[in-house]
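Heavy-atom basis, side chains included; hydrogens, waters and symmetry copies ignored.
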Amino acid sequence: MKQIFTSLLLIVVINSSSFSQTSTGFPEEYKVLHIEPSKTDSTISEANSPHLVVYNPEAKQGKLLFFMPGTGGIALKGPKSLFATAVNQGYHVINISYINTPAVAQICRGKVLAENSNCTEEFRTRRIYGNNNFSLIDDAPQDAIVNRLTKLLIYLSEHDKTGNWDTYLENGVPKWSEIAVSGQSQGGGMAAFIAKEQLVSRVVDFSGGWDYSDKPKIAKWYYSPSVTPSDVWYGTYHVTEPAAKIIKESYDAMGIPESHIYPFNLPVPEGKKGHSNGVRNIGYVNDWIELLGKGN
């Protein structure tokens, strides 16, 4: 982690601290949309709080940053300073609204895990793709993360022409090569799981979960081959997290280069948790810029 603050960083930090002065929490030149999932797919009724969509129509279009919040996360309450930094880096941003409770760690544990060492992989497959018969969560196929993203992109391509959302679609499905996947906690794990199977442009995993196959062994899927090359994988965690050691072990298992793993260590405000500090603390803006890279 680098803590050298350049003049550019200072400008970004100043801008980040002023985002709350606008009604959306973002600079006025940004386009901000709140779109309920049911508007994009009438069969969706669960987890229908709005998706958050942000981009700068005046900037050269770049990649899409597809972000998935953690357990209990609400898209509209996502880390706006992080998203604004992503837009500054040239990205369109989607913070998806999806079923994020119960979490994988709440289901795949104890006797359940002992009887099925592939529990976490089957759980994530159901929640992401909705195409298996994992029975321990009630997510319907239309509630799957990828369906929600697909339907949102199609909706945006039809209703927000200035966003040129067709860029992120190919034959009616996400064009993963134009999409960077990211998320925090459960969402970070979802991003990593997607990147194993889809060739994405970049992976940024913020404290992305701690799946097991049989405690203390981490889940087997972490070791599975990845179609996304290791040089575009990035991961973070806070050194004060109770699960810091296992998160680091999972990053190593996934082959994330050591230089792409960021052990955050800035003080955590009283009453807050290190687990979410990495996406909220604007002291990490310089690190966010490195993690995200240039979107355009």
Side-chain angles (χ1 to χ4, degrees), residues 1 9 11-27 30-35 47 49-56 62-98 100-101 103 145 149 152 179-192 202-209 234-241 247 262-269 271-293 295:
M1 182 180 65
L9 167 60
I11 292 171
V12 174
V13 170
I14 292 170
N15 286 342
S16 296
S17 66
S18 66
F19 290 152
S20 60
Q21 296 176 9
T22 68
S23 60
T24 64
F26 293 98
Y30 289 6
K31 189 163 187 178
V32 181
L33 302 172
H34 300 166
I35 302 171
S49 60
H51 305 302
L52 175 65
V53 179
V54 189
Y55 67 100
N56 184 355
K63 306 289 187 182
L64 169 65
L65 180 69
F66 174 49
F67 190 92
M68 289 158 278
T71 305
I74 298 172
L76 296 189
K77 295 183 179 181
K80 290 185 173 64
S81 293
L82 172 64
F83 297 153
T85 301
V87 175
N88 281 337
Q89 291 297 106
Y91 288 94
H92 281 36
V93 174
I94 287 176
N95 190 20
I96 202 79
S97 177
Y98 71 103
N100 54 41
T101 57
I145 290 170
L149 172 62
L152 176 58
I179 300 172
V181 293
S182 184
Q184 192 268 332
S185 192
Q186 180 183 175
M190 296 302 184
R202 200 174 187 92
V203 192
V204 187
D205 183 344
F206 291 93
S207 297
Y234 294 80
T236 83
Y237 63 93
H238 198 281
V239 296
T240 65
E241 292 188 59
I247 293 172
Y262 288 57
F264 288 154
N265 59 10
L266 292 181
V268 179
K272 303 295 183 180
K273 295 181 179 180
H275 184 54
S276 58
N277 192 250
V279 296
R280 298 283 181 183
N281 191 335
I282 62 171
Y284 295 120
V285 171
N286 201 39
D287 298 296
W288 294 344
I289 291 170
E290 294 177 0
L291 290 161
L292 294 164

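- Between F26 and Y30, the ring planes are tilted. Angles from 30° to 60° get that label.
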Stepwise side chain to side chain contact (heavy atoms under 4.5 Å, CB included) test for V268 and H238: CA-CA 9 Å; V268 179; H238 198 281; 3.5 Å; yes
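- Checked against side chain to side chain donor-acceptor pair (under 3.5 Å), R202 has the following partners two or more places apart in sequence or in another chain: Y234.
- For S182, there are no side chain to side chain donor-acceptor pair (under 3.5 Å) partners at least two apart in sequence or on another chain.
- When side chains are defined from C-beta on, S207 counts as touching E241, because their heavy atoms get closer than 4.5 Å.
- With sequence neighbours left out, N281 forms a side chain to side chain donor-acceptor pair (under 3.5 Å) with N277.
- From L65, atom CG reaches atom NE2 of H92 across 12.0 Å, with rounding to the nearest 0.5 Å.
- Judged by distance alone, the side chain of Y262 and the main-chain N or O of W288 form no donor-acceptor pair under 3.5 Å.
- Between V32 and V53, the closest side-chain pair of non-hydrogen atoms is not below 4.5 Å.
- When atom types are taken as modelled, the side chain of Y284 and the backbone of L266 share a donor-acceptor pair closer than 3.5 angstrom.
- For K77, the side-chain contact (heavy atoms from CB on, under 4.5 Å) partners two or more places apart in sequence, or in a different chain, are I74.
- A distance of 4.5 Å separates CZ in F264 from OG1 in T236, rounded to the nearest 0.5 Å.
- Inter-residue side-chain proximity for F206 and S185 is flagged as unmet; no heavy-atom pair is nearer than 4.5 Å.
- Legend: residues meeting ring pair (Phe, Tyr, Trp, His ring centres under 6.0 Å) with F66, ordered by chain and number and at least two apart, are absent.
- Take T101 and apply the side-chain contact (heavy atoms from CB on, under 4.5 Å) test, not counting sequence neighbours, and it matches T71.
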Candidate pair M68 and Q184, rule side chain to side chain contact (heavy atoms under 4.5 Å, CB included), full reasoning: CA-CA 7 Å; M68 289 158 278; Q184 192 268 332; over 6 Å; no
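- The shortest distance between side-chain heavy atoms of L76 and S49 does not fall below 4.5 Å.
- Counting heavy atoms from C-beta outward, K31 and N56 have side chains that stay 4.5 Å or more apart.
- The side-chain contact (heavy atoms from CB on, under 4.5 Å) test applied to P79 returns F67, L82, F83, V279, R280, not counting sequence neighbours.
- The two residues P50 and S97 have their closest heavy-atom pair at O-CB, 3.8 Å.
- Using a 4.5 Å cut-off on side-chain heavy atoms (C-beta onward), Q89 and I289 make contact.
- The backbone N or O of N100 lies less than 3.5 Å from a partner atom in the side chain of Q186, making a donor-acceptor pair.
- Residues that satisfy the side-chain contact (heavy atoms from CB on, under 4.5 Å) test with A192, not counting sequence neighbours, are D205, W221, W233, M254.
- Residues forming a side chain to side chain donor-acceptor pair (under 3.5 Å) with Y55 (at least two apart in sequence, or on another chain): D160, T162.
- Put simply, the residue from I94, L52, L152 that forms a side chain to side chain contact (heavy atoms under 4.5 Å, CB included) with I35 is L152.
- Note that the CG atom of N95 and the NZ atom of K80 stand 9.0 Å from one another [nearest 0.5 Å].
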